[in-house]
Amino acid sequence: MSNILEKVTSVIFHVMLALIIVLLLFADSIPYNEFHKRTFVAPNYILLPLGVAVLFGIKYLITIKFYDVIKPWILIVIMFTLSVIVAFGAMFITGWDAGVVTNDAMHLALGEDISVDYYSLNPNNRLILLILTAIFRLGIGMGLSTKTALYGCAVLFTCIVFWLTGILLYDYLQIQHGKRVAVFGLVLYIIFISASPWIFIVYTDSLGILFPMLVIWLFCRLSGSTWWKSLTKWALIVLVSVIGYYMKAPTFIVLIAVILRIVIVTISDFGKKKFISGVANIIVVAVSCMLLLKAGDTLLDKSFENITGIERDDTIALSAWHYLMMGHNYEKDGTVNNDDLTLSMYISDPDERVSRNKSEFEKRVKNLWPDKLLFLYGRKLTMNYNDGSFGYALTGADFISDPLEDDSAINTWIRYFYRPSNGGSDWLFNIEQTIWLGILSMAFCSGIRKQKNRSTVIVVYIALMGATAFVTLFEAQARYLLIWAPLYVLLAATGLEKQN
């Protein structure tokens with residue numbers, strides 16, 4: 001029974017990915033929001049085979065031609081060094097939400113007041129505000145005084161997060177598929193993610209990249225052979241998932257994927273002694289999550305009040321129904337828009353607001369069903385997946401709010417490629433798109449090859465299906481896929497392993 005459910009899950013995932021790839025092949029003829037649209041030097045049906053060829057070329061060089069002389073620890077050092085050089089050379093403060101949180105954290109670190117209205121409306125940004133404030137206070141305590149130096153501390157922290165994510169990916173691949181596949185996966189991660197422009201955009205998307213990979217690694221790495229090892233394993237998985245939820249809510253999908261994996265195994269053991277154990281695990285994990293989420297909300301609110309000196313008004317917070325309603329705005333392709341925001345903010349009573357959001361969502365689905373709804377989902381899938389830069393420089397007006405410092409002899413060339421206002425950024429976007437299409441294609445070739453990696457591969461499949469459903473149903477933003485990029489690299493490495 002377990003094998004059947006796993007095969008069904010695998011088939012659904014590959015059908016979903018095949019649909020996405022087909023949509024991307026026709027992306028130029030699929031109309032969607034121009035604000036989120038990026039043009040490339042060639043259509044995707046040309047870039048996709050080119051991307052596959054690039055991945056095969058990297059595989060040949062890394063795993064065949066120069067494999068004997070490559071040392072993983074050297075690659076890890078290169079990954080961190082490259083990230084820091086690119087990040088420090090190109091960094092700037094943005095003008096959208098990431099810039100709002102950054103500037104507020106700097107004000108708090110300097111003992112100045114801020115308005116809490118933004119965090120009352122968007123409570124999901126409480127944790128990153130607290131983290132950035134702590135980083136900036138630490139920088140001030142070390143004698144740093146300029147805005148550039150303080151922001152550099154936050155950028156360095158982001159580089160460390162990306163670096164740790166790469167190490168986890170390498171270790172996972174080494175455990176499951178051996179050193180050769182792990183080395184290729186690490187190199188692909190370095191090229192595509194570690195050198196990504198998102199390493200110096202300090203926000204929930206960039207910092208949230210660690211959590212899906214960390215949960216997968218914990219699920220794969222830690223043993224459950226004894227009761228105390230099993231307890232430690234699940235306690236860490238739940239704790240990391242809850243922290244990840246407060247950093248970037250969609251990361252919680254990985255824990256749901258892990259629970260669904262337990263459900264699959266439990267169903268297959270129906271009538272056996274393991275069935276009771278499986279049900280008990282599901283109940284314990286679910287109850288632990290609810291308790292930790294409740295405790296996390298209380299702790300975050302108290303910490304927020306201690307730092308800002310002001311109590312957050314949770315009655316004006318936007319609910320999930322708001323984002324679900326906004327995700328079904330046909331005219332705006334389900335992206336963020338002022339009309340839906342005004343509608344939600346106009347209603348002061350939280351229960352009435354949720355009821356209005358829910359009824360508006362149901363009304364939109366009813367009016368769109370079925371053809372327009374499917375067309376909307378197709379446009380949103382294309383918008384989300386058709387950008388290897390994950391929406392870099394497309395998110396919000398005035399993307400560069402503060403350039404921090406003028407160009408110098410050291411950072412001129414870096415900024416030429418990484419600053420969206422310079423001509424070299426088009427080269428970067430096209431390279432990222434080409435590699436991204438190659439990664440998606442090779443991820444499609446992944447599969448369950450060995451008994452020992454069956455459980456974690458299924459978790460990855462379920463997580464990516466959940467992530468895709470999330471960005472399809474809720475607000476559409478290409479940057480929301482950034483936190484899932486390491487999992488796609490993981491699948492691409494395993495998929496390329498099967499190809500000769």
(message) My understanding is that only one of Val202, Ile209, Ile199 makes a side-chain contact (heavy atoms from CB on, under 4.5 Å) with Val161; could you say which?
(response) Ile209
(message) So that I can tick it off, tell me whether Asp340 and Arg364 are bridged by a salt bridge, with the cut-off set at under 4.0 angstrom between side-chain N and carboxylate O.
(response) yes
(message) If you apply the rule side-chain contact (heavy atoms from CB on, under 4.5 Å), what do you find for Trp163 with Ile76, and how did you get there?
(response) CA-CA 8 Å; Trp163 175 72; Ile76 292 172; 3.2 Å; yes
(message) Measuring centre to centre across the rings, with the benzene-like ring taken for any Trp, is His322 within less than 6.0 Å of Phe474?
(response) no
(message) Under a 3.5 Å threshold, yes or no: a donor from one side chain and an acceptor from the other, between Thr472 and Asn384?
(response) no
(message) Is it the case that the ring center of Trp436 lies less than 6.0 angstrom away from the ring center of Tyr488?
(response) yes
(message) Atom CZ of residue position Phe26 - does it have more than 12 heavy atoms of other residues, nucleotides or ligands inside 6.0 Å?
(response) no
All N/O donor-acceptor pairs, side-chain side in residues 77-84, below 3.5 Å, sequence neighbours left out:
unit_1	atom_1	unit_2	atom_2	d
Thr81	OG1	Val77	O	2.8
Ser83	OG	Met79	O	2.8
Ser83	OG	Ser194	O	2.9
Ser83	OG	Ser194	OG	2.5

(request) Supply the atom-to-atom distance Met142 CE to Cys153 SG, rounded to the nearest 0.5 angstrom. (result) 6.0 Å
(request) Determine, for Phe92 and Arg419, whether the Lys NZ or Arg CZ falls below 6.0 Å from the six-membered ring centre while staying within 45 degrees of the axis. (result) no
(message) Are Phe40 and Phe429 an aromatic pair, judged by ring center distance below 6.0 Å?
(response) no
(request) I would like to know whether Ile414 and Phe88 meet side-chain contact (heavy atoms from CB on, under 4.5 Å); could you show each step before the answer? (result) CA-CA 9 Å; Ile414 296 176; Phe88 281 10; over 6 Å; no
(message) In terms of relative ring orientation, are Tyr416 and Trp413 parallel, tilted or perpendicular, with 30° and 60° separating the classes?
(response) perpendicular
(message) Could you tell me if Tyr480 and Glu475 have a donor-acceptor pair between their side chains, going purely by distance under 3.5 Å?
(response) yes
(request) Check the surroundings of atom CZ in Phe361: do more than 12 heavy atoms from other residues, nucleotides or ligands lie under 6.0 Å from it? (result) yes
(message) Is there a ring pair (Phe, Tyr, Trp, His ring centres under 6.0 Å) between Phe136 and Tyr151? Walk through the geometry before answering.
(response) CA-CA 8 Å; Phe136 294 148; Tyr151 188 67; 7.2 Å; no
(message) For the residue pair Tyr385 / Thr468, report whether a side-chain donor-acceptor contact shorter than 3.5 Å exists.
(response) yes
(request) Would you please say whether a donor-acceptor pair under 3.5 Å links the side chains of Asn337 and Glu331? (result) no
(message) So, applying side-chain contact (heavy atoms from CB on, under 4.5 Å) with Glu497, which one of His177, Arg180, Lys59 is it?
(response) His177
(message) Give me the atom names and distance for the closest heavy-atom approach of Leu17 to Leu440.
(response) CD2-O, 3.6 Å
(message) Check whether Tyr330 forms a cation-pi arrangement with Lys372 (NZ or CZ under 6.0 Å from the six-membered ring centre, at most 45° off the ring normal).
(response) yes
(request) Hey, could you give me the OG/NE2 distance between Ser115 and His107, rounded to the nearest 0.5 Å? (result) 11.5 Å
(request) Measure across Leu318 and Leu341 and return the closest heavy-atom pair with its distance rounded to 0.1 Å. (result) CD1-CD1, 3.7 Å
(request) Start with the C-alpha distance between Phe304 and Tyr119, add both sets of side-chain angles, then the distance that settles ring pair (Phe, Tyr, Trp, His ring centres under 6.0 Å), and finish with yes or no. (result) CA-CA 9 Å; Phe304 182 86; Tyr119 303 95; 5.6 Å; yes
(message) I need the Met247 CE to Ile128 CD1 distance, nearest 0.5 Å.
(response) 5.5 Å
(request) Tell me, yes or no, whether the heavy-atom count around Asn338 atom CG, taken from other residues, nucleotides or ligands under 6.0 Å, exceeds 12. (result) no
(request) Tell me, yes or no, whether the heavy-atom count around Tyr67 atom OH, taken from other residues, nucleotides or ligands under 6.0 Å, exceeds 12. (result) yes
(request) Would you check if Cys220 and Ile175 make a side-chain contact, meaning some heavy-atom pair closer than 4.5 Å? (result) yes
(message) What I want to check is whether the side chains of Asn44 and Asp28 have a donor and an acceptor closer together than 3.5 Å.
(response) no
(message) Please tell me whether Tyr377 and His328 have a donor and an acceptor in their side chains that are separated by less than 3.5 angstrom.
(response) yes
(message) Counting the benzene-type ring for Trp, do Tyr203 and Trp198 have ring centres under 6.0 Å apart?
(response) no
(request) Kindly compute the distance separating CG (Asp104) from CG (Asp113), expressed to the nearest 0.5 Å. (result) 11.0 Å
(request) Classify the angle between the aromatic ring planes of Phe13 and Tyr461 as parallel (below 30°), tilted (30 to 60°) or perpendicular (above 60°). (result) parallel
(request) Report yes if some heavy atom in the side chain of Asp339 is under 4.5 Å from a heavy atom in the side chain of Leu343; otherwise report no. (result) no
(message) Could you check whether Thr456 and Gln176, counting side-chain N and O atoms only, form a donor-acceptor pair closer than 3.5 Å?
(response) yes
(request) Starting at OG1 of Thr94, measure out to CZ of Phe200 and round the result to the nearest 0.5 Å. (result) 10.5 Å
(request) Considering non-hydrogen atoms only, spot the tightest contact between Val459 and Ala257 and give its length. (result) O-CB, 3.5 Å
(message) Would you say that Phe192 contacts Ile439 through its side chain, given a criterion of any heavy-atom pair below 4.5 Å between the two side chains?
(response) yes
(message) Which residue in the set Leu75, Leu169, Leu490 passes side-chain contact (heavy atoms from CB on, under 4.5 Å) when paired with Tyr189?
(response) Leu169
(request) I would like to know whether Ile462 and Val258 meet side-chain contact (heavy atoms from CB on, under 4.5 Å); could you show each step before the answer? (result) CA-CA 8 Å; Ile462 297 174; Val258 171; over 6 Å; no
(request) In sequence, state the C-alpha distance, the side-chain angles, and the governing distance for Asp333 and Lys380, and then conclude on salt bridge (charged side-chain N to carboxylate O under 4.0 Å, His left out). (result) CA-CA 6 Å; Asp333 290 339; Lys380 292 177 72 176; over 6 Å; no
(request) Please test Leu394 against Arg479 for side-chain contact (heavy atoms from CB on, under 4.5 Å), starting from the C-alpha separation and ending with a verdict. (result) CA-CA 9 Å; Leu394 294 180; Arg479 64 182 171 88; over 6 Å; no
(message) Quick check: do Tyr172 and Met213 have side-chain heavy atoms less than 4.5 Å from each other?
(response) yes
(message) Within the structure provided, determine whether Val457 and Thr494 are in side-chain contact (heavy-atom separation under 4.5 Å).
(response) no
(request) State, to 0.1 Å, how close Arg312 and Ser120 come at their nearest heavy-atom pair, and which atoms those are. (result) CG-OG, 3.3 Å
(message) To check you understand the geometry: which heavy-atom pair defines the closest contact between Phe184 and Leu55, and what is its length?
(response) CE1-O, 3.7 Å
(message) Less than 4.5 Å apart, side chain to side chain, heavy atoms only: is that true for Trp484 and Val254?
(response) yes
(message) Please check if the number of heavy atoms outside Lys332 that lie under 6.0 Å from its NZ is greater than 12.
(response) no
(request) Could you pull out the closest heavy-atom pair between Val215 and Val240, with the gap in Å? (result) CG2-CG1, 3.8 Å
(request) For residues Glu432 and Ile193, determine if any side-chain heavy atom of one lies less than 4.5 Å from a side-chain heavy atom of the other. (result) no
(request) Let me see the working for Thr204 and Asn125 under side-chain hydrogen bond (donor to acceptor under 3.5 Å, both in side chains), right down to the final yes or no. (result) CA-CA 8 Å; Thr204 55; Asn125 280 336; 4.6 Å; no
(request) Would you give the length of the straight line joining atom CG of Leu210 to atom OG1 of Thr165, rounded to the nearest 0.5 angstrom? (result) 4.5 Å
